[in-house]
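Below is one structure, written out as structure tokens, with a few remarks after it.
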2 protein chains.
Amino acid sequence: MTKPPQAGSDDTTAERLRSIPEASVARLAVYLRMLGELVEQGAETVSSDELAAVTGVNPAKLRKDLSYIGSYGIRGVGYEVSALQHRLELALGLNHRQAVALVGIGNLGHALAGYGGFSGRGFPLAALFDIDPDLVGIHINGILVEHVDAIPAVCSEREVTIGMIATPGPAAQGVCDLLVTAGVRCILNFAPVVLQVPREVELRKVDLAVELQILAFHVARRNLNGGQPSSLNGHVVNGSGGLEA
Amino acid sequence: MTKPPQAGSDDTTAERLRSIPEASVARLAVYLRMLGELVEQGAETVSSDELAAVTGVNPAKLRKDLSYIGSYGIRGVGYEVSALQHRLELALGLNHRQAVALVGIGNLGHALAGYGGFSGRGFPLAALFDIDPDLVGIHINGILVEHVDAIPAVCSEREVTIGMIATPGPAAQGVCDLLVTAGVRCILNFAPVVLQVPREVELRKVDLAVELQILAFHVARRNLNGGQPSSLNGHVVNGSGGLEA
DNA sequence: TGTTGTGAACTGTTTCACAGCA
DNA sequence: TGCTGTGAAACAGTTCACAACA
């Protein structure tokens, strides 16, 4: 570790968490998923080279990422799979469930609401909201769709910590404001707009149109290069991930 | 510009495209969307400060991003909105349509297939594939769902340049290989697995589970900090974007 | 011996600050 | 005068290479 350990502090204090680079956090989640698969396959230990190979990252980068959470591998051997898994869950804050609210039950919202992977991964869908009277009152996967006006009351009551916005663009800012009012401090935005939030709110964005345009850019570049890979070409560029169909 | 202009080369040559940083490409797509809205609002010109404000980036960064595509703003005035829009479209390779194939018509696949924003933005959905006999043969939004075995033939024939994978994890690699065989060189992966592709294939990933885990990490950190924003807190962290519900 | 953990070098990105121009 | 375009500085993230050690 870079810093001398504080007397009496353990390895999952705010000190440590605060210092993990954003880019590493994203990869830690990927390592965690792979460790789950390794556990199923009955693996006891895994080396940084092996784990790096299956997650598609550079082994040195993986070791550095793990060093941020102070994981102790065994030199000459590797990492104990289930111990590392546990450590990653702690570091990512997956030890307590995070209730999720989803606003906007359109095309994408339906898909998200029907996605089984949330509760399984510690993110139970606690509430669904829409503004359409035809949708309010129906159940999706056993969850009642409520009116957006109920967001503040319902979210506070059910202690929602994460909000997902899958509304049309023009409605997103209003919905976002309601979530913030309700005390939601982390928001995942699927609407194609730039949301304004107070400093203390964490906002992430998933923008399909942008993803496609980035790919289109690479198609264009490749064509200009006569189909030859350039220094920028090849392999995974982004790392985010995974909604099962 | 940094490099002396080549005689006879115009501003959208491979030379220039090759040198745009990856991070800038993602933001150019966001600027382009905002310019579209400005055009609708009848704006003639826009300054870097204004455009930066609505897209949530630093004005200097925006100007540097635009400098990569050699855009000529007018000093003392700003950028001519529609000229800039046109230049961005060229730089991002949006001047010719890119046919898109979508594989996996499950929960998410349905949502993607039903999303109207593709064709409108120059990405017509040219083919849908699934392995489920109950789905093969039906139409979604007027597009026939075909069997995955038909991927190589159909994709080559319809000159598909971009593939989207929305299958369950275990099926994704096989589908990916088929797309690559069919000559698809850009793939957007929604399945929660790490795909292996040849060097010349551009792969991007959208992973919802990871997005949520990153948010969970921030919830955890915030709680440890006693609810006070830290240096890392606040505002947009990621920038990708936009599937309307 | 084989693999971790990490300083140090490197590469890429962001921000600053200001010269240059309409 | 006001805003763009861009060197240069600062910062962040990645990769290298090797000492430390089970």
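Chain identifiers are assigned alphabetically (A, B, ...) following the order of the sequence lines, protein sequences preceding nucleic acid strands; residue numbering begins at 1 within each chain.
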For DNA chain C, whose closest nucleotide is more 5', that of G76(A) or that of K64(A)? G76(A)

Give a yes/no on whether any side-chain N or O of [X] is located under 4.0 angstrom from OP1 or OP2 of [N].
X      : N      : answer
Y79(A) : dG5(C) : yes
S48(B) : dT4(D) : yes
S47(B) : dC3(D) : no

Rounded to the nearest Å, what distance is computed from the [atom1] atom of residue [X] to the [atom2] atom of nucleotide [N]?
X      : N       : atom1 : atom2 : value
R87(A) : dT4(C)  : CZ    : P     : 16 Å
I20(A) : dA12(D) : CD1   : P     : 16 Å
E22(B) : dG13(D) : CD    : P     : 16 Å
L62(B) : dT4(D)  : CG    : P     : 9 Å
L84(B) : dG5(D)  : CG    : C1'   : 14 Å
I74(A) : dG5(C)  : CD1   : P     : 9 Å
D49(B) : dT4(D)  : CG    : P     : 7 Å
Y68(B) : dT4(D)  : OH    : C1'   : 15 Å

Determine whether any donor atom in the side chain of R75(B) lies under 3.5 Å from an acceptor atom in the base of dG2(D), or the reverse, and answer yes or no. no

If you check every side-chain atom of [X], which of [options] has the closest atom?
X      : options                   : answer
R63(A) : dT14(C), dA17(D), dA22(D) : dA17(D)
R27(B) : dT6(C), dT14(C), dG13(D)  : dT14(C)
K61(A) : dG13(D), dT14(C), dT14(D) : dT14(D)

Does [X] reach the main-chain N or O of [Y] with its side chain, forming a donor-acceptor pair under 3.5 Å?
X      : Y       : answer
E37(A) : M34(A)  : no
S67(A) : G70(A)  : no
Q98(B) : G122(B) : no

Both L66(B) and N58(A) contact DNA chain D. Taking the nearest nucleotide for each, which residue is further toward the 5' end?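 Residue closer to the 5' terminus by nearest nucleotide: L66(B).
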
Criterion side-chain contact (heavy atoms from CB on, under 4.5 Å) against L32(A), the qualifying member of R87(A), H86(A), Q85(A):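 Only one of R87(A), H86(A), Q85(A) forms a side-chain contact (heavy atoms from CB on, under 4.5 Å) with L32(A), namely Q85(A).
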
Taking atom CZ of F118(B) and atom CD1 of I162(B), what is their separation to the nearest 0.5 Å?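 Atom-to-atom, F118(B):CZ and I162(B):CD1 are 9.5 Å apart.
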
Classify A60(B) by what it touches in the nucleic acid, base, sugar-phosphate, or nothing, heavy-atom distance under 4.0 Å. base

